[in-house]
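Written out below as structure tokens is the structure these notes cover.
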Amino acid sequence: MSASPSGPGTSRTRSWWGWGYADAHPDDAACVALGALLPGTLARPLPVPRVADLSVGRPGVTPPTALAHLVTSDPDVRAAHAMGKAYRDIIRALRGRPGRLPDLVARPTDDREVADLLDWAGGRGVAVIPFGGGSSVVGGVEYRGDTHRAVLSLDLTSMDRVLEVDTVSRSARIQSGALGPVLEAQLRPHGLTLRHYPQSFEFSSLGGWLATRAGGHYATGRTHIDDFVQSLSVVTPAGTGTSWRLPASGAGPSPDRLFLGSEGALGIITEAWMRLQERPRHKASASVAFADFQQALEAVRAIARSDLSPANCRLLDPGEALLSGASHDGSAVLVLGFESAASPVDDRLASAVDLALAHGGHGGSRGRGSHGDPGGRGGHDGTPAADGDAPADTAVSAWRSAFLRMPYLRDGLARMGAVVETFETAATWDRVPALIDAVRTEVGSAATKAAGHPATVNCRLTHVYPDGAAPYFTVAVAGRPGDEVRIWDDIKAAASEVLHRFRATITHHHAVGRDHRPGYDLQRPEPFALALRAAKDALDPQGILNPGVLID
């Protein structure tokens with residue numbers, strides 16, 4: 001295992017193979033209890049994997065003396081940088097087959113060192129895989145193939161400072177390797193926040209968010225990291241560039257848009273000027289139950305089309321609500337949350353609840369609104385959280401707790417031989433109901449057929465828009481020992497086929513990586529693909545940057 005701090009003063013050990021902190025994983029007894037939820041799982045959990053049991057070869061390349069102080073070949077560090085945190089990665093580690101480990105891991109501290117490392121790698125035919133928090137769930141931080149003589153994992157987390165704060169323009173220049181807690185801790189003394197809280201907040205970096213166009217906790221409005229970008233600094237093998245810092249511009253295609261979502265295939269994002277906000281002082285939350293899921297969809301659509309702009313508008317289907325503890329009577333549950341730095345939000349919450357009740361909801365349980373600076377970072381899902389926030393209602397609290405705990409539980413299920421896949425998409429409202437039904441039916445059937453055990457498929461809406469929504473699906477089924485990756489591949493293929501048929505995006509916020517490449521190739525227009533290949537050839541002529549991501 002590798003010690004990897006996730007925030008100021010943090011010394012807990014990160015798991016090299018699984019999600020988050022090693023000491024937060026379910027123990028053997030808890031794994032067995034989880035396995036009991038799925039018929040056909042193992043009688044006892046797979047052992048926690050050890051780096052000492054892996055076959056770790058000697059590095060295939062030696063760095064020059066001038067760069068040696070930035071680079072390590074330590075087996076524990078190499079193993080921790082070999083994969084992301086998708087189910088596919090977790091089960092491969094548990095089975096002792098993590099794939100090709102990087103030969104070296106580098107930790108540069110500034111743009112010059114990044115450029116020097118790229119120059120050296122390009123001249124030696126060494127693939128460079130950018131690495132932030134390592135939380136990719138789409139195969140975005142691993143090397144697949146054998147066309148490069150060696151692999152360098154470029155860990156940017158030593159570049160983690162807020163370099164400059166402009167309180168007049170309410171923005172900050174931040175190095176891309178700053179993990180979520182590190183970034184927010186440096187903004188807090190200024191009374192400001194980026195307020196971008198993906199589920200991976202503790203274990204992902206600003207650069208990772210930018211390179212993958214990550215979605216945050218806001219369910220409406222500013223849902224993606226794109227909305228917070230003023231300018232980017234990028235180091236490429238062809239040179240270094242920084243876009244102008246502007247509130248808006250109509251000057252041709254945006255240079256920032258070229259690198260947002262580029263996943264390290266075109267360059268290394270090293271700094272960004274980001275738009276900030278004052279910390280919210282007023283929060284309120286509520287939950288509304290629905291006996292009819294279709295009515296719940298209509299309620300969410302009405303709220304999305306209103307001017308209320310909830311920070312949180314998560315709809316849980318009955319299975320998801322049961323799993324999270326938000327409901328135990330077969331109801332779907334809508335979780336609502338509002339926040340503001342300027343004024344109370346209770347009236348906006350009341351209006352949203354009224355809309356939900358008018359569309360067949362019942363209950364409308366509400367938490368108290370909070371007033372005053374909460375002092376903490378707030379809930380990942382836009383609802384009141386700890387550190388001084390007002391208590392949410394029971395369903396909201398249950399959902400938030402499950403939301404933060406779910407990746408650890410997935411790893412516990414994996415130790416029991418279960419196959420757990422999560423994927424998300426987005427489609428216009430006219431297709432959303434049929435899309436959800438098709439995924440439940442067809443992907444559920446494919447999972448059952450592949451595994452030989454009954455599968456469950458749950459759905460929630462994570463982000464909503466006036467013209468559409470982002471459904472997020474969880475598929476769980478007991479696997480066959482040693483065959484879990486093939487079953488996962490079959491589930492992924494079935495899901496991708498359904499999404500393509502409904503012209504729903506292959507990903508709303510998890511990025512493309514290597515796992516979503518087939519779907520992305522079908523989704524993008526061919527003229528755009530030609531332009532992207534040309535940009536790759538111009539910026540990365542040796543083809544060393546994250547090979548296999550987005551384009552070949």
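Hydrogens, waters and symmetry mates play no part in the numbers below; they use all other heavy atoms, side chains included.
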Can you confirm if the NZ or CZ of Arg405 lies within 45° of the ring axis of Tyr21 and under 6.0 Å from the centre of its six-membered ring?
no
Would you please test Glu202 and Arg12 for salt bridge (charged side-chain N to carboxylate O under 4.0 Å, His left out) and show each step?
CA-CA 12 Å; Glu202 286 183 283; Arg12 296 173 70 186; 5.6 Å; no
So Val126 and Asp103, side chain to side chain contact (heavy atoms under 4.5 Å, CB included) or not? Walk me through it.
CA-CA 9 Å; Val126 175; Asp103 296 78; over 6 Å; no
Judged by atom type as modelled, is there a donor-acceptor pair below 3.5 Å linking the side chain of Arg517 to the main-chain atoms of Gly548?
yes
Quick one: closest heavy-atom pair of Leu315 and Ala332, and the distance?
CD1-CB, 4.5 Å
In terms of ring plane angle, is the pair Phe203 and Trp19 parallel, tilted or perpendicular, where the classes change at 30° and 60°?
perpendicular
Residue of the set Thr462, Thr474, Thr507 for which side chain to side chain donor-acceptor pair (under 3.5 Å) holds with Glu424:
Thr507
Output, in order, the C-alpha distance, side-chain angles, deciding distance and verdict of salt bridge (charged side-chain N to carboxylate O under 4.0 Å, His left out) for Asp489 and Lys492.
CA-CA 5 Å; Asp489 286 339; Lys492 177 67 75 176; over 6 Å; no
Testing the basics here: between Val56 and Pro75, what is the closest heavy-atom pair and its distance to 0.1 Å?
CG1-CB, 4.0 Å
Please determine, by modelled atom types, if Thr505 and Gln523 share a side-chain donor-acceptor pair under 3.5 angstrom.
yes
The reported gap from CG in Asp76 to CG in Leu54 (rounded to nearest 0.5 angstrom) is 9.5 Å
Check whether any side-chain N or O of Glu442 sits under 3.5 Å from a backbone N or O of Val498 as a donor-acceptor pair, and report yes or no.
no
Spatial distance of atom CG (Leu550) from atom CZ (Arg514) [nearest 0.5 Å]
9.5 Å
Under 3.5 Å: donor-acceptor pair, side chain of Glu184, backbone of Leu194
yes
Under a 3.5 Å distance rule, please check whether Ser15 uses its side chain to pair with a backbone N or O of Ala22 as donor and acceptor.
no
Step-by-step side chain to side chain contact (heavy atoms under 4.5 Å, CB included) determination, His453 to Leu38:
CA-CA 9 Å; His453 299 286; Leu38 284 176; over 6 Å; no
Judged by atom type as modelled, is there a donor-acceptor pair below 3.5 Å linking the side chain of Asp317 to the main-chain atoms of Cys459?
yes
Check whether any side-chain heavy atom of Met274 sits under 4.5 Å from a side-chain heavy atom of Ile225, and report yes or no.
yes
Parallel, tilted or perpendicular, judged at 30° and 60°: which one describes the rings of His196 and Trp209?
tilted
Trace of the side chain to side chain contact (heavy atoms under 4.5 Å, CB included) decision for Leu94 with Trp17:
CA-CA 8 Å; Leu94 287 168; Trp17 65 273; 3.8 Å; yes
Working note: Thr157 + Asp155, criterion side chain to side chain donor-acceptor pair (under 3.5 Å); need CA distance, chi angles, decisive distance, verdict.
CA-CA 6 Å; Thr157 53; Asp155 186 322; 2.5 Å; yes
Please state whether the rings of His217 and Tyr197 are parallel, tilted or perpendicular, taking 30° and 60° as the class boundaries.
tilted
Are His500 and Tyr520 close enough, and set up right, to give a ring pair (Phe, Tyr, Trp, His ring centres under 6.0 Å), and what steps lead you there?
CA-CA 10 Å; His500 179 67; Tyr520 179 66; over 10 Å; no
Contacts of Ala469 that satisfy side chain to side chain contact (heavy atoms under 4.5 Å, CB included) - sequence neighbours left out
Trp429, Val432, Leu461, Val464
List the residues meeting salt bridge (Lys or Arg N to Asp or Glu O under 4.0 Å) with Arg460, not counting sequence neighbours, and say none if there are none.
Glu320
Between His516 and Ala511, is there a donor-acceptor pair closer than 3.5 Å when you use the side chain of the first and the backbone of the second?
yes
Got a sec, which pairs hit salt bridge (charged side-chain N to carboxylate O under 4.0 Å, His left out) with one end in residues 443-458, sequence neighbours left out?
none
Under 3.5 Å, is there a donor-acceptor pair between the side chain of Glu484 and the main chain of Gly482?
yes
Decide yes or no on side chain to side chain contact (heavy atoms under 4.5 Å, CB included) for His81 and Leu154, but give the supporting numbers first.
CA-CA 9 Å; His81 287 75; Leu154 190 68; over 6 Å; no
Check whether Asp89 reaches the backbone of Ala86 with its side chain - one donor and one acceptor, N or O, closer than 3.5 Å.
yes
Interatomic spacing from CZ in Arg415 to SG in Cys31 - rounded to 0.5 Å:
4.5 Å
Correct closest heavy-atom pair for Ala82 and Pro102 would be CA-CD, 3.7 Å
Kindly determine whether Tyr143 and His148 satisfy ring pair (Phe, Tyr, Trp, His ring centres under 6.0 Å), including the steps that lead there.
CA-CA 10 Å; Tyr143 181 83; His148 294 79; 5.6 Å; yes
Report yes if some heavy atom in the side chain of Arg213 is under 4.5 Å from a heavy atom in the side chain of His509; otherwise report no.
no
The reported gap from OH in Tyr218 to OG1 in Thr223 (rounded to nearest 0.5 angstrom) is 11.5 Å
Can you see whether Asp329 engages Ser327 through a side-chain donor-acceptor pair at a distance of less than 3.5 angstrom?
yes
Please table the atom pairs, donor to acceptor, closer than 3.5 Å between any side-chain atom in residues 128-139 and protein atoms at least two apart or in another chain.
from, atom 1, to, atom 2, distance (Å)
Ser136, OG, Val138, N, 3.3
Ser136, OG, Gly140, N, 3.0

What's the spacing between Thr147 OG1 and Asp552 CG if we round to 0.5 Å?
10.0 Å
Please answer whether the main-chain N or O of Arg503 pairs with a side-chain N or O of Arg431 as donor and acceptor at a distance below 3.5 Å.
yes
Within the distance-only criterion (no hydrogens, no angle test), does the side chain of Lys536 pair as donor or acceptor with the backbone N or O of Leu545 below 3.5 angstrom?
yes
What is the minimum heavy-atom distance between Val333 and Ala321, and which atoms define it?
CG2-CB, 4.0 Å
Once side chain to side chain contact (heavy atoms under 4.5 Å, CB included) is applied, do any residues pair with Pro518, and if so which ones, sequence neighbours excluded?
none
Can you tell me if CZ on Arg44 sees more than 12 non-hydrogen neighbours from other groups inside 6.0 Å?
no
To the nearest 0.5 Å, what is the distance between CG on Leu435 and CZ on Phe473?
5.0 Å
Where do Gly264 and Asn546 come nearest, in terms of heavy atoms and distance?
O-CB, 3.8 Å
Applying salt bridge (Lys or Arg N to Asp or Glu O under 4.0 Å) to Arg50 and not counting sequence neighbours gives Asp53
Please determine, by modelled atom types, if Asp74 and Thr72 share a side-chain donor-acceptor pair under 3.5 angstrom.
no
Does a sphere of radius 6.0 Å around CZ in Arg144 hold more than 12 heavy atoms from other residues, nucleotides or ligands, not counting ones at 6.0 Å or beyond?
yes
Before you tell me yes or no, could you show the steps for His463 and His508 under ring pair (Phe, Tyr, Trp, His ring centres under 6.0 Å), namely the whole-Å CA-CA distance, both residues' side-chain angles and the distance that decides it to 0.1 Å?
CA-CA 9 Å; His463 302 76; His508 174 266; 4.8 Å; yes
